[in-house]
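As structure tokens, the structure follows; a few thoughts come after it.
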Amino acid sequence: MKILKFGGTSVGGAQRIKGLLDIVNPTERQLVVLSAVAGTTNALVEIGHAFLAGKTEEALNLIKLHKNKYEELIKELFSTDQGLEKGKNLIDYHFNYIASLGNEMFTPVEEKIILAQGELLSTTLFHFHLEEIDVPSVLLPALDFMKIDEDNEPMVPYIGEKLSALLAEYPDNSLFITQGYICRNSFGEIDNLRRGGSDYTASLIGAAIQAEEVQIWTDIDGMHNNDPRVVKGTQPIANLSFDEAAELAYFGAKILHPQSVFPAQRYNVPVRLLNTMDPQAAGTLISKEGGSKGQIRAIAAKDGITAIHIHSSRMLLAYGFLRKIFEIFERYKTPIDMITTSEVAVSLTVDDTRNLEDIIKEVEDFGSVHVDYNQTIVCVVGDFSANTHGYAAKVLDAIKHLPLRMISYGGSDYNVSILLDNSHKTEALRSLHNRLF
Ligand SMILES: Nc1ncnc2c1ncn2[C@@H]1O[C@H](COP(=O)(O)OP(=O)(O)O)[C@@H](O)[C@H]1O
Ligand SMILES: N[C@@H](CC(=O)OP(=O)(O)O)C(=O)O
């Protein structure tokens, strides 16, 4: 079975939803994972924030505004009165439900229920469209099989068991549809896999049922060798290894959710990045064999980074110092991205700042602490193994005119990471591109 994931832009309007059938083959056993219609999740985030802040009037206005967009969409999507009626009832149901959640009992639990409505809407609209044109399909509720544990880690074997049992109920069907992004947590509540999480859903499903291939259909012809939103003349990369793709996704290549490579890699399921607007384009194939020796492959950047510098003479010739520091971050469930050390100081970076104040208070027991906000990690991915030489020098030479905050080399064979102030990001990406490609 193949897993085909379509992102928000690929279901961004009635014509796009109808156009999915140019790519999806209803006679081949396929599971289609859909994101919410482009712009919907952002709108739901805004509605949730307004409710949380007690701004009910503002939330209800946003709901009305967004419902209007869906009313326009269904007029174009359905051609029969019956289809239109079903579409109308569907959007009435979801938007009334969203509005009904906004009362004084509104908590982050209700907020997550609101966030889930986008994918529930897009998948049901596609299913109704297929029904209208007599193409058989089965809508599988992701909330019946996608589950995360108390550490927010996906429960892959559970997902595999549940989903396989559901699929087995329909031996004669070939086309299945489910929601990306949404899941249940360990309390059984509706939750999600964080923003952009539909890619992660597709890869988790691919891993859980040992799919033949996972296809991520988006609005660009594969992983480019630099961020096309910042740098002109970027090129798609035909093949990547799982490790290379994971570094790029983690360090900011927005085309892929940061965690989405790991399950596919673990269960060795190839992932293809393809373009809905140009289905014939080769795209990028991410696989075990996809790496390339002796080359620099791509550049990516991750914004919103905070650097914490800890200076302590207690570190000098001491053992166990780093463990004590790491334990603080572990207690606050805050992952560390980059780390550099000297004999008396350690610098590390985080992107999750929810517990930063508490973390800093505890770290201050070990030495003096300095924090730099609004930093960016620029990551160059390629063959940086010990038997290549000159690449790291080339990277540093390209950005020698910029002030660098941290450099990380040697942690993996595939990556050199540089931390700099966000104001230098564009120049760093362009300059590296000119020098390296
Ligand atoms: N290295 C890169 N290669 C390709 N696309 C990238 C890269 N870095 C950022 N992007 C951006 O990612 C976008 C696709 O991701 P996303 O918007 O999440 O798609 P979708 O809505 O289909 O999930 C592209 O339009 C492109 O601008
Ligand atoms: N709709 C969710 C999940 C998602 O993956 O969207 P997209 O595939 O459009 O990036 C979001 O906006 O975060």
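Order of listing sets the numbers, starting from 1, for every ligand and every atom in it.
Protein residues with a heavy atom under 4.0 Å from ligand 2 are Lys5, Gly7, Gly8, Ser35, Ala36, Thr41, Glu119, Tyr181, Arg195, Gly196, Gly197, Ser198. Protein residues with a heavy atom under 4.0 Å from ligand 1 are Lys5, Gly7, Gly8, Thr9, Thr218, Asp219, Ile220, Gly222, Met223, His224, Asn226, Asp227, Pro228, Arg229, Ala253, Lys254, Ile255.
Taking the charged nitrogens against the carboxylate oxygens, Lys425 and Asp303 do have a contact shorter than 4.0 Å, which makes a salt bridge. With respect to the salt-bridge test (charged N to carboxylate O, under 4.0 angstrom), the residues Lys75 and Glu72 qualify. Between Arg184 and Glu189, none of the side-chain N atoms (NZ, or NE/NH1/NH2) sits under 4.0 Å from a carboxylate O, so this pair counts as no salt bridge. The existence of a salt bridge linking Asp383 and Arg297 is excluded, since no basic side-chain nitrogen approaches an acidic carboxylate oxygen closer than 4.0 Å. Using a 4.0 Å cut-off between charged nitrogen and carboxylate oxygen, Lys2 and Glu28 count as a salt-bridge pair. The pair Asp397-Arg435 meets the salt-bridge criterion, with a side-chain N (NZ, NE, NH1 or NH2) lying under 4.0 Å from an Asp/Glu carboxylate O. Salt-bridge check for Asp352 with Lys333: failed, with every basic side-chain N at 4.0 Å or more from each acidic carboxylate O.
You'll find the ring centres of Phe95 and Tyr70 inside the 6.0 Å limit.
With rounding to the nearest 0.5 angstrom, the CZ atom of Phe145 is 11.0 Å from the SG atom of Cys183.
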